[in-house]
Amino acid sequence: FEGRDGRPFSVSSWTTVVKDTWKRHCGLSPPPKLLRAIFICWLRDQAHTNKATPEVLKSCATLMKHQLATQESDVYDKKTHERLTKSAFDFTSDFADRCAQAR
């Protein structure tokens, strides 16, 4: 991606573009930690469909100053997170439905 001057974005400029885009569409500017988590979850999903090779995953970990072990850990395992939080979401959703019906 290039800036208006035709030169590639610096890391900080690219971060600003991404955060501003989120803020424009969602009303919030997410912290960098959340952006990294979203990106790594997406990247890992791409790896499961063979679109992101191990070389790409390693390169992204290096670029983000992550250890490869961090990127491969359960921290970014969306399926484990969904499994571990499903009961809480189901309980809360059921409670909200009952409250709405009682109105």
Side-chain angles (χ1 to χ4, degrees):
F1 293 96
E2 299 174 343
R4 291 188 178 128
D5 60 4
R7 294 185 311 188
F9 284 119
S10 66
V11 172
S12 62
S13 294
W14 178 245
T15 300
T16 300
V17 168
V18 172
K19 288 177 76 172
D20 288 350
T21 301
W22 275 81
K23 188 171 187 172
R24 185 172 55 250
H25 291 283
C26 301
L28 298 171
S29 181
K33 181 178 179 178
L34 178 58
L35 292 173
R36 284 191 299 270
I38 291 167
F39 178 69
I40 294 302
C41 287
W42 173 81
L43 192 63
R44 285 177 66 165
D45 281 348
Q46 298 303 302
H48 290 297
T49 59
N50 296 321
K51 293 179 184 170
T53 64
E55 181 181 334
V56 170
L57 293 168
K58 184 176 181 179
S59 178
C60 287
T62 300
L63 183 64
M64 294 170 56
K65 297 178 176 49
H66 271 178
Q67 296 292 325
L68 193 55
T70 301
Q71 189 186 80
E72 293 172 341
S73 73
D74 287 346
V75 170
Y76 296 114
D77 187 348
K78 190 169 62 170
K79 290 183 184 15
T80 297
H81 174 74
E82 289 170 355
R83 182 178 48 80
L84 292 173
T85 58
K86 183 180 183 327
S87 293
F89 281 112
D90 290 348
F91 176 82
T92 306
S93 180
D94 183 52
F95 181 76
D97 288 345
R98 285 182 290 165
C99 289
Q101 289 172 1
R103 293 176 111 185

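Sequence positions, counted from 1, serve as the residue numbers for this chain. Computed from a predicted model, the values in this text were never measured in an experiment. Basis for what follows: all heavy atoms, side chains included, without hydrogens, waters or symmetry-related copies.
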Identify all side-chain donor-acceptor contacts of residues 89-98 below 3.5 Å with residues at least two apart in sequence or on another chain.
{"residue": "Asp90", "atom": "OD2", "partner": "Lys86", "partner atom": "NZ", "Å": "2.5"}
{"residue": "Thr92", "atom": "OG1", "partner": "Ala88", "partner atom": "O", "Å": "2.8"}

Donor-acceptor contacts, no H, no angles, side chain residues 14-27, under 3.5 Å, sequence neighbours left out:
{"residue": "Thr15", "atom": "OG1", "partner": "Val11", "partner atom": "O", "Å": "2.9"}
{"residue": "Thr16", "atom": "OG1", "partner": "Ser12", "partner atom": "O", "Å": "3.0"}
{"residue": "Thr21", "atom": "OG1", "partner": "Val17", "partner atom": "O", "Å": "2.8"}

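Every residue was checked against the side-chain hydrogen bond (donor to acceptor under 3.5 Å, both in side chains) condition with Ser59, not counting sequence neighbours, and none meets it. For the side-chain hydrogen bond (donor to acceptor under 3.5 Å, both in side chains) test, no residue two or more places apart in sequence or in another chain qualifies with Arg83. Under the side-chain contact (heavy atoms from CB on, under 4.5 Å) criterion, Arg44 pairs with Ile40, Tyr76, Asp77, sequence neighbours left out.
Rounding to the nearest 0.5 angstrom, the gap separating the CZ atom in Arg36 from the SG atom in Cys41 is 12.5 Å. Put simply, CD on Gln46 and SG on Cys60 are 11.0 Å apart, with the number rounded to the nearest 0.5 Å.
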